[in-house]
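Shown next, in structure tokens, is the structure this report addresses.
Ligands are counted one by one from 1 in listed order, and the atoms in each one are counted from 1 as well.
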Amino acid sequence: MIAPPFANRPVLVLYTGGTLGMIPSALGLAPAGDIEARIRRKLDGLPPSRRNRLPEFVVETVSEPIDSSAVTPHDWQRLAAIIADKIASHAAIVVLHGTDTLAWSASSLAYQLQGLDRPVVITGAMYPLEAEGSDALDNIELALRFAAREELQEVALAFSGRLLRGVRSRKIHTEAHDAFASPNYPILGERVGEDFVIYPGRCLETQQRGAPRFESPDYSPLARGGVARIALWPGLQAWQLEAWLGDARVRGALLEVWGGGNIPPDPQLIEVLAMASGEGKLIAAISQCPFGGIAPGQYAAGQGLLQAGVLVGDAMTPEAAMTKLVHLLAQPLEEQERRRRFLTPLVGER
Ligand code: ASN
């Protein structure tokens, strides 16, 4: 492969907050400064055979690093804007992010940065850089090594020795180093001993090519509850669903339904759904099961979803489906076009 012209530029490491850079405070772990020196000090401790294979990088910190539990759609928009602004002058971007909402930010970035021609690798850590037994240094090394791979042309999540498609990833563990999974898509790559392998045929680059066509709609009208997430439970009543969907501030919703695409056989529930989607609200459904997709209509219990005009979310993660609803609703599109795009894979999310 001929090296692209940007290959000799440094990788930009962007610190946004999260446990990786935190230190203990009176109130518990909190974001701390001086991240560049702290990262370089740790990387200097790697054996030369590993240190020498890292790409050149520069470090920047967002104006206010945060615990990612505080992230809102505003932050997704701000982060994408920083990356869109800086990417041309860097070989790749590595985002250091808190793990709690890392899969959400990764998913949102994928929609906003469509048509990437180089890597955007997002990572974090379950334990702070300076903590004993921390995973932070390994994850930074992993992200930097994959950021140097020209065949990676998408938003990917590097964690615990593995590279996942960002928009397919989920946080699945509260303590283990191996805290992320990509339940319905194979991993893109992994560390095997001292090698960092990318598996052929799995990256977006082989499925979709094209010039960057970043989309940067304004998320602020959606950032205050414009899209709701509703998981079914046995006994759910139509009035409860209506309380969510009947609110004029709600413009879209993700329903997490039973198994392969079923809902309770309650005509009133279906009526509430049909009413909301008839008003132009974008309502999509995925399964509550972490593995596998939905195909409503296989059972009589799923027909209602189709009758009500609910969009089938296939095997998308909740993070991928919700951030896609936000992204589509933030754009000045006709309703039919929004529905079409929701059902079309834009960045390998379905
Ligand atoms: N609360 C932290 C965060 O998401 C968790 C972590 O980074 N491990 O910012």
Side-chain angles (χ1 to χ4, degrees), residues 13-36 38-39 41-43 59-80 82-83 93-110 112 120-144 146-147 155-183 191 219 223 229 290 317-320 322-323 326:
V13 176
L14 194 59
Y15 175 59
T16 67
T19 299
L20 184 143
M22 290 188 186
I23 56 169
S25 78
L27 294 173
L29 289 173
D34 209 18
I35 192 76
E36 174 159 12
R38 291 164 59 208
I39 289 175
R41 208 174 302 134
K42 285 287 175 189
L43 289 172
V59 181
E60 289 186 24
T61 301
V62 298
S63 51
E64 218 181 306
I66 53 172
D67 187 307
S68 81
S69 51
V71 162
T72 72
H74 275 308
D75 298 289
W76 302 336
Q77 185 185 342
R78 261 197 297 265
L79 184 55
I82 296 173
I83 295 173
I93 309 280
V94 167
V95 179
L96 306 178
H97 193 288
T99 60
D100 284 338
T101 63
L102 190 128
W104 293 83
S105 293
S107 300
S108 178
L109 286 178
Q112 295 181 81
V120 171
V121 184
I122 186 162
T123 192
M126 297 300 282
Y127 299 94
L129 198 52
E130 287 86 5
E132 202 168 318
S134 171
D135 52 338
L137 179 60
D138 279 349
N139 287 348
I140 294 170
E141 181 189 13
L142 185 77
L144 283 169
F146 280 122
V155 179
L157 192 156
F159 218 90
S160 192
R162 299 187 308 154
L163 187 72
L164 314 176
R165 172 163 299 158
V167 74
R168 291 280 191 159
S169 64
R170 307 205 66 195
K171 184 173 179 181
I172 55 155
H173 208 290
T174 59
E175 294 155 12
H177 283 193
D178 195 3
F180 286 84
S182 169
R191 178 180 184 156
Y219 284 177
R229 176 181 179 185
T317 62
E319 294 84 347
M322 287 280 291
T323 55
V326 169

Side-chain donor-acceptor pair under 3.5 Å between Q112 and S108, yes or no?
yes
Side chain of R162, backbone of L157: donor and acceptor closer than 3.5 Å?
no
shortest atom 1 (N) of ligand 1-to-protein heavy-atom contact is with D100 OD2, 2.7 Å
Should the ring pair W76 and Y219 be called parallel, tilted or perpendicular, given that the plane angle runs from 0 to 90° and is split at 30 and 60?
perpendicular
Protein contact to atom 8 (N) of ligand 1 [nearest heavy atom, distance to 0.1 Å]:
T99 OG1, 2.7 Å
Quick one: look up the protein heavy atom nearest atom 5 (C) of ligand 1 and list residue, atom name and how far away it is.
T19 OG1, 3.1 Å
For D67 and ligand 1, does the shortest N/O to N/O distance drop below 3.5 Å?
yes
Atoms of ligand 1 close to G98 [distance to a heavy atom under 4.0 angstrom, numbered from 1]:
3 (C), 4 (O), 7 (O), 9 (O)
Looking at A103, is its backbone amide N or carbonyl O close enough to the side chain of S169 to form a donor-acceptor pair, meaning the two atoms are under 3.5 Å apart?
no
Using 0.5 Å steps for rounding, measure from the CG atom of L102 to the CD1 atom of I122.
4.5 Å
Atom 9 (O) of ligand 1 [closest protein heavy-atom partner, distance rounded to 0.1 Å]:
S68 N, 2.8 Å
Shortest non-hydrogen separation from A125 to N139 and the atoms involved:
CA-ND2, 4.0 Å
Can you find an N/O atom of A125 closer than 3.5 Å to an N/O atom of ligand 1?
yes
